[in-house]
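Right, one structure below, let's go through it.
Every value quoted in this text rests on a predicted model; they were computed, and no experiment measured them.
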Amino acid sequence: MSTSAEPRVSGLEVRSIDYVPLDERHGKLWHLGPLWFMSNAQIATLAVGLISITEGGNLIWSLLAIVAGTLIGTFFMAFHSAQGPQLGLPQMIQSRPQFGYVGALLVWLFAYVQYAGFNVFNTVLAGQALDTTIHGGVKLWVIVVTVVGLVVALVGYDIIHKAERFLTYTFLVVFGIFTVGILVTLHYPAGSFDLGAFKVTPFLAQFGVVAGYQISWAIYVSDYSRYLPPDVTVRKTFYWTYFGSALGGIWLMVLGTLLAAWAGDSFDTIPSIDAAGDKVFDGFGAIVLLFSALGLISVTALNMYGGSLTLISAIDSFRRVRPTLGVRLVTLGVTAALSLIGALAATTNFLTNFNNFLLLVLYLFIPWTSVNLMDYYVVRRGHYAIAEIFKPNGIYGRWGWQGIASYLVGFAVMIPFFSVGTLYVGPAAEALDGADISLFIGLPVSALLYWWLTRSIDVEAETRIAEAEAAALEQASHEHREP
């Protein structure tokens, strides 16, 4: 039987949760830089930089919190990126070795909620930007943005990479001018740069939201590196992902903080961007908003793409799925429809509480990222029997009790340290005057507990199984079926 790579159908990507065979690996490592730069360099990210200012912090400490939160949060997501070329798998299916064939549904449910939540915010924001510049009504543009995002996601991996590279080059021009204009033309309140005006609560609130936003990308990253050849190094994969994402995140979050400090209580994302752009030259605000809408469409496509992979993974846990183009079509359609319904029904309160949503995402994925990275880099050291990931009764089992226990314990010990605006403030956070340090609790607890619980895993035996199944895995992937 032939083992040649399956031809693409009408330019559409066929593969989804299945393993990418070695002779289909392609792309350049540096492409990860523009992809993760542009994924972060859009105005939904700008909204993440508002927290400290709105809670009474001054400008200089808000900027420092953004830089610190980005550098730490991106560290974790970038290490996930290196898993893609080595395993040839999308990110969330890699949770099965830690949580089990069925147990991984725990984190997949949370991941799917994240994709939907971000897309609601992204499409509404894009609709507002387009309505401000072109008019026609926010809901009309929400529908248009969703449809265009769906088409991009359907074509798949390669077009997403190409679109993000093109948008990166354009962004550097448009937002380069916009940023210089903000720095030159806007004026800030007295005391904005006073280092002696430090307030711990707004600083940690900003730090936590920023770190959470960056960690939230962890469920995406190897989706967009899994077609790369496995001989790219972990170090270089990490660097291109880290610096791309960190630079894009810091740039837009800093812009958000600068705009919030300038506008004060009158800040409103779309009108404030429009007004600040017009201070550069008349009409430039509209140019910035139109380009921003393109960036939001691209990240909407990323969310649909990842949401489809997560939904296929979830369905496969109940009934084995042959990962065909038809399955991609259906799951992308369902994901787009759910996002559209949520966006059309979104209220002002949802958009106002976006920072609360980010914190909830952080809480849900801190123990997951901790367990997943501990397993990959310390426990199994990158050695997995990939074919067994697709077997309900394979060596990883239906329920990975070590991963589930580590996740639940890590989440539980974080609860007293939660500080989610008016929704909930835990007793430990209250004792710290509302400061949220749950990130520093959940990460080490989940990681160390998982390491301790998995000391008996025979990695060498799993490696022998992987070697014995390698040829059959490549064969199955060319036949477009699970091994």
Side-chain angles (χ1 to χ4, degrees), residues 17 44 48 73 76-77 80 83 89-122 208-209 211-223 299 302-318 331 334-335 338-339 342 350 353-376 398-415 417-418 420 423-424 436 438-439 441-443 445-447 449-450:
I17 64 171
V48 182
F76 297 97
M77 68 84 73
H80 287 288
Q83 297 171 345
L89 296 174
Q91 190 69 64
M92 295 314 294
I93 201 75
Q94 297 173 26
S95 296
R96 280 180 175 169
Q98 302 97 52
F99 296 91
Y101 191 88
V102 177
L105 283 168
L106 171 70
V107 290
W108 291 344
L109 172 63
F110 299 150
Y112 200 72
V113 169
Q114 176 183 311
Y115 288 125
F118 274 112
N119 259 6
V120 169
F121 185 76
N122 293 332
V209 169
Y213 188 75
Q214 292 302 100
I215 288 176
S216 71
W217 288 110
I219 67 172
Y220 299 68
V221 282
S222 73
D223 296 354
V299 80
L302 260 74
N303 284 319
M304 290 181 188
Y305 186 89
S308 168
L309 294 174
T310 301
L311 185 56
I312 295 171
S313 300
I315 295 170
D316 188 68
S317 294
F318 295 104
T331 53
V334 169
T335 303
L338 291 174
S339 298
F350 172 82
N353 291 321
F354 182 55
N355 61 313
N356 291 340
F357 175 74
L358 290 175
L359 282 172
L360 292 173
V361 166
L362 170 65
Y363 298 150
L364 292 171
F365 283 102
I366 282 175
W368 170 78
T369 196
S370 183
V371 166
N372 183 267
L373 292 178
M374 175 60 74
D375 186 65
Y376 186 87
R398 298 179 68 82
W399 300 93
W401 67 269
Q402 299 102 322
I404 294 172
S406 301
Y407 180 96
L408 294 177
V409 170
F411 186 83
V413 299
M414 289 166 59
I415 293 175
F417 297 89
F418 288 172
V420 195
L423 297 180
Y424 174 78
D436 189 330
S438 57
L439 171 70
I441 306 300
L443 279 171
V445 168
S446 291
L449 179 59
Y450 184 76

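Partners of Phe411 by ring pair (Phe, Tyr, Trp, His ring centres under 6.0 Å), not counting sequence neighbours, listed by chain and number: Phe418. By the ring pair (Phe, Tyr, Trp, His ring centres under 6.0 Å) test, Tyr220 is found to be paired with Tyr115, Trp217, residues two or more places apart in sequence or in another chain being considered.
Between Ser313 atom OG and Tyr101 atom OH the span is 9.5 Å, to the nearest 0.5 Å. In this structure, CZ in Phe318 is found 4.5 Å from CG in Leu105, a value given to the nearest 0.5 Å. Of the inter-residue distances, the one linking Asn303 atom CG with Ser339 atom OG reads 7.5 Å to the nearest 0.5 angstrom. How far CG of Leu109 is from CG of Leu311: 11.0 Å, rounded to the nearest 0.5 Å. Here the straight-line distance linking atom CG of Asp223 with atom CE of Met92 works out to 9.0 Å at 0.5 Å rounding.
Of all heavy-atom pairs spanning Gly442 and Ile366, the tightest one is C-CG2, 3.8 Å. Taking all atoms of both residues into account, the shortest heavy-atom contact from Asp375 to Gln98 is OD2-NE2, 3.0 Å. Across Met414 and Ser438, no two heavy atoms sit closer than the pair CG-O, 3.6 Å. Scanning all heavy atoms of the two residues, the minimum distance from Val445 to Gly410 falls at CG1-CA, 4.1 Å. Contact record, Gly73 with Ile215: O-CG1, 3.7 Å, taken as the closest heavy-atom pair. Considering every non-hydrogen atom in both Pro97 and Tyr450, the closest pair reads O-OH, 4.3 Å.
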Let's go through Phe118 and Gln114 carefully: what are the C-alpha distance in whole Å and the side-chain angles of both, what is the deciding distance for side-chain contact (heavy atoms from CB on, under 4.5 Å) to 0.1 Å, and is it a yes or a no?
CA-CA 6 Å; Phe118 274 112; Gln114 176 183 311; 3.3 Å; yes
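Ring geometry, Tyr407 versus Phe99: the interplanar angle exceeds 60°, so the pair is classed perpendicular (tilted spans 30 to 60°).
Among Leu309, Val113, Ile219, Ile93, the one residue that satisfies the side-chain contact (heavy atoms from CB on, under 4.5 Å) test with Trp108 is Ile93. Thr369 pairs in a side-chain contact (heavy atoms from CB on, under 4.5 Å) with only one of the listed residues (Leu373, Val371, Asn372), which is Leu373.
Judged by distance alone, the side chain of Ser370 and the main-chain N or O of Pro367 form no donor-acceptor pair under 3.5 Å. Panel note: side chain Ser406, backbone Gln402; a donor-acceptor pair is recorded below 3.5 Å. For Gln214 (side chain) and Met77 (main-chain N/O), no donor-acceptor pair under 3.5 Å exists by modelled atom type. Although no hydrogens or angles enter the test, the distance criterion places no donor-acceptor pair under 3.5 Å between the side chain of Gln83 and the main chain of Tyr376.
Side-chain contact between Ile415 and Tyr424 is present, with at least one heavy-atom pair separated by less than 4.5 Å.
Under the 3.5 Å distance criterion, with hydrogens and angles disregarded, no donor-acceptor pair is assigned to the side chains of Thr335 and Tyr305.
For residues 90-118, the salt bridge (charged side-chain N to carboxylate O under 4.0 Å, His left out) pairs, not counting sequence neighbours, are Arg96-Asp316.
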